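Read through the structure below, which is laid out as structure tokens, and then see the notes.
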Amino acid sequence: MKHDLRNIPFFSELEVDILNAISRRLQREHYHKGATIFAEEDTGNCMYLIESGQVKVVTEREGEEKLLAYLGPGNFFGETALLLSEKRTATVRVVLDVDLLVLRKEDLDELLQQHPSIAITITRELSRRLGHATRSPEQREEFNIVAAVGPAAPTLARHLAHVTGEDVFLFDLGGLANVTLDQAALAQSQVFLVRGGEALDAEALPGRLSTLVEQYYWVIMSIAPYEIPLTLKAMELADISVTLGNSGKEWIKTVAPKGYWESDGSDKSLRRLARKIAQRQVGLALSSGNARGFAHIGVFEVLEKEGIPVDMIAGTSAGAVFGSLYAAGRSIAEIKEFAVNIQHQYNFISGFRYWDFRIPPRSGVIKGNMVLSYFRKCLRNQTFDDLPIPLYIIAADLISGEEIVFERGPVADAVRASMSVIGIFEPAEVADRFLIDGGAVNPVPTQLLADRGMNIILASNVIPTLEDRLHRREQKREGRPPNVIGILMGAMEIMESEIIKTRMGPVDVLIQPDVAPYGTMEYDKVHELIQRGQEAACRELPQIRQLLAPRPRSSLRR
């Protein structure tokens, strides 16, 4: 034990006789995964040294748990409250079954009397810890230990290594028994495979994992697709359990003690899962904007061409229209064709068959039933659950003023509700609510993406600011007032631009196409507007690539 103490910073400079005295007073304790070693505000009467396993340090102030640190073998905790005779400032929970060496207060007091030089070491270490605490930001809950069911685990490991730029340890616990693999090729992809783990005793797995995460950080355990003690122990210790393909879905749902994710096993799905594990998911928010919304197509085109992934979409009004088409798997060419057709469909003469006018108008000039039918056809009656890319659509409750988020049911109905411009379309009646254009409450829904777990948030905003409008006035001196449609659309956009100032949530990259020179109903300018979207997305590519670039954590082992 003396050698182990020498490797711990707190004891590294002490003399041999002092280390011997400390060793005689240490006691061993074992805690299982999920146990709380001590809670915030508890009285501190001992400190802990980690022999094996892993713990996390969290604070629960203000009613919300915040992660402060992960600690593995060789680390220690609990010393501050013990040394200063104060209450615990954080809660410590077990992540992997942990073996601890415990030094109690009465033993420390006796040691200080016999060896006063320990006090100097304590003072130095407390100063170091205090400085580190003031510099270290709050950490995120992470998913670096994964239990995977399915033969695609090696592919997932390769994608995870590519996303993070770090080595990934692939631990075969029986899940790859019938899979032929080239270990040298895997190693070139930064994936290191060890077979034969199925012979490991379940009780020995926690100690093996605690060593692996210190060395590799990312560990994927390929487990057998049936219930045995080793499989169940692996899922208990994992941060997340995943199924790759169709094998094992039903039974793993019922026994996975923590989170459970699915992948259909396709390469695209596995790439997305790797980003989810690494917390590098990309969300794209698309603003309202009527005809200016064509610019969103140009943004999609550039992102797709440059290989920028889109893991989730949130759209309002025009953003809901084009976001739904992309989320439904329509190609850029198909979306462009849809956009080109709009200039004919929105013309009150050539597109008459697409409009069901309300005569006399009551709550809107257009009923919207024909538009709904058209979108159902374009979206092939898909529901939100059918979409390859998760989608959220924003509408507003006309009566209560609430923001309504669509994430279930027919996609076309949600699009119809979100694009119900006040005075133009009758409100969409959904579940006893009267819904109008989502721009009335949330024109650029970035906060929704953050709330749904997106880590990198992009926003395409085609709503002109007041300054843009003043500039446009100088450019277009037509000498005649706008028509009724122009007035309604202009009023809506002025309201939306003001809402954005207070409602737009977190954004990592704001893509702002230069569309102010175009009117809200200039659907004949489709190609120009798409080009403006392309140009804006290209301007932001360096920043987007920087956010997605692998960032190895050479010194951030938890």
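Computation of the quantities below employed the complete heavy-atom set of this structure, encompassing side-chain atoms and omitting hydrogens, waters and symmetry-equivalent molecules. Predicted, not measured: the structure shown is a model, and the values here were computed from it.
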>> Are Y518 and Y523 packed together at the side-chain level, in the sense that at least one heavy-atom pair is separated by less than 4.5 angstrom?
In response: no
> Can E166 and Q190 be counted as having a side-chain donor-acceptor contact under 3.5 angstrom?
Replying inline: no
>> Please identify which of these residues, R275, R271, K276, meets the side chain to side chain contact (heavy atoms under 4.5 Å, CB included) condition with V163.
In response: R275
> With a 3.5 Å cut-off and no angle check, do the side chains of Q447 and D451 form a donor-acceptor pair?
Replying inline: yes
>> Working note: V255 + L232, criterion side-chain contact (heavy atoms from CB on, under 4.5 Å); need CA distance, chi angles, decisive distance, verdict.
In response: CA-CA 8 Å; V255 301; L232 296 175; 4.2 Å; yes
>> Using the rule given for ring pair (Phe, Tyr, Trp, His ring centres under 6.0 Å), can you reason through F143 versus W261, listing the C-alpha separation, both sets of side-chain angles and the distance that settles it, and then say yes or no?
In response: CA-CA 12 Å; F143 307 100; W261 297 337; 5.1 Å; yes
> When you check the side-chain N and O atoms of S263 and S269, is any donor under 3.5 Å from an acceptor?
Replying inline: yes
>> Under a 3.5 Å distance rule, please check whether D311 uses its side chain to pair with a backbone N or O of V282 as donor and acceptor.
In response: yes
>> Closer than 3.5 angstrom, by distance alone: can the side chain of S418 be matched with the main-chain N or O of I394 as a donor-acceptor pair?
In response: yes
>> Determine whether a donor-acceptor pair (N or O, by modelled atom type, separation under 3.5 Å) exists between the side chain of N455 and the backbone of Q281.
In response: yes
> Without hydrogens or angle criteria, can the side chains of D385 and T383 be said to hold a donor-acceptor pair below 3.5 Å?
Replying inline: no
> Where is the tightest heavy-atom contact between V462 and G289, given as atom of each residue plus distance?
Replying inline: CG2-CA, 4.0 Å
> Taking all atoms of both residues into account, what is the closest heavy-atom pair of G319 and H296, and its distance?
Replying inline: CA-CD2, 4.0 Å
> Any side-chain heavy-atom pair from Y326 and L391 closer than 4.5 angstrom?
Replying inline: no
> Does a side-chain heavy-atom distance below 4.5 Å link L547 with I544?
Replying inline: no
> Would you find a donor on one side and an acceptor on the other, under 3.5 Å apart, between the side chain of R532 and the backbone of D514?
Replying inline: yes
>> To check you understand the geometry: which heavy-atom pair defines the closest contact between G323 and L286, and what is its length?
In response: CA-CD1, 3.6 Å
> If every non-hydrogen atom of A285 is compared with every non-hydrogen atom of T446, which pair is closest and at what distance?
Replying inline: CB-CG2, 3.6 Å
> E40 and T59: side-chain donor and acceptor closer than 3.5 Å?
Replying inline: yes
>> Looking at E402, I want to see if its CD is surrounded by more than 12 non-hydrogen atoms of other residues, nucleotides or ligands under 6.0 Å.
In response: yes
>> Closer than 3.5 angstrom, by distance alone: can the side chain of D508 be matched with the main-chain N or O of I457 as a donor-acceptor pair?
In response: yes
> Just wondering, do R330 and R380 contact through their side chains at under 4.5 Å, heavy atoms?
Replying inline: yes
>> For the OG atom of S317 and the CD1 atom of I436, what is their distance to the nearest 0.5 Å?
In response: 10.5 Å
> Do side-chain atoms of K33 reach the backbone of L237 as a donor and acceptor pair under 3.5 angstrom?
Replying inline: yes
> Which heavy atom of D413 sits nearest a heavy atom of P410, and at what distance?
Replying inline: OD1-CB, 3.3 Å
> Below 4.5 Å, heavy atoms only, C-beta onward: do L548 and P309 meet side chain to side chain?
Replying inline: yes
>> Show, in sequence, the C-alpha distance, side-chain angles and deciding distance for H527 and V340, and conclude whether the side-chain contact (heavy atoms from CB on, under 4.5 Å) test is met.
In response: CA-CA 8 Å; H527 295 294; V340 169; 3.9 Å; yes
>> So V213 and I145, do their side chains get closer than 4.5 Å, heavy atoms only?
In response: yes
>> Y260 vs M235, test: side-chain contact (heavy atoms from CB on, under 4.5 Å). Steps then yes/no.
In response: CA-CA 10 Å; Y260 165 75; M235 288 196 299; over 6 Å; no
> Roughly how far apart are R272 CZ and D264 CG, rounded to 0.5 Å?
Replying inline: 9.5 Å
>> Please report the interatomic distance OG1(T164) to CZ(R280), rounded to the nearest 0.5 Å.
In response: 8.0 Å
>> As an exercise, state the distance from CG of L273 to OG1 of T243, rounded to the nearest 0.5 Å.
In response: 9.0 Å
> Can you check whether I393 reaches V411 side chain to side chain, under 4.5 Å on heavy atoms?
Replying inline: yes
Return all side-chain donor-acceptor pairs below 3.5 angstrom for residues 146-162, not counting sequence neighbours, or 'none' if the list is empty.
{"residue": "T155", "atom": "OG1", "partner": "R158", "partner atom": "NH2", "Å": "3.3"}
{"residue": "H159", "atom": "NE2", "partner": "D267", "partner atom": "OD1", "Å": "2.8"}

> Which heavy-atom pair separates S460 from V299 by the least distance, and what is that distance?
Replying inline: OG-CG2, 3.6 Å
> At what distance, to the nearest 0.5 angstrom, does CD1 of I456 lie from CG of L449?
Replying inline: 12.5 Å
> Does any N or O in the side chain of D437 come within less than 3.5 Å of the main-chain N or O of A440, such that one atom is a donor and the other an acceptor?
Replying inline: no
>> Can a donor-acceptor pair be found, under 3.5 Å and without considering hydrogens, that links the side chain of E334 to the backbone of S331?
In response: yes
> Distance-only, no hydrogens or angles: does the R292 side chain make a donor-acceptor pair with backbone N or O of V515 under 3.5 Å?
Replying inline: yes
> Is the side chain of D386 donor-acceptor paired with the backbone N or O of Q382 at a distance under 3.5 Å, no angle test?
Replying inline: no
>> Just verifying a value: how many Å separate S241 OG and I223 CD1, rounded to the nearest 0.5 Å?
In response: 6.0 Å
> Does a side-chain heavy-atom distance below 4.5 Å link E426 with F434?
Replying inline: no
> How are the rings of F338 and F322 set to each other: parallel, tilted or perpendicular (split at 30° and 60°)?
Replying inline: perpendicular
>> Run F406 and F384 through side-chain contact (heavy atoms from CB on, under 4.5 Å) and show every step you take.
In response: CA-CA 9 Å; F406 284 92; F384 282 86; 3.7 Å; yes
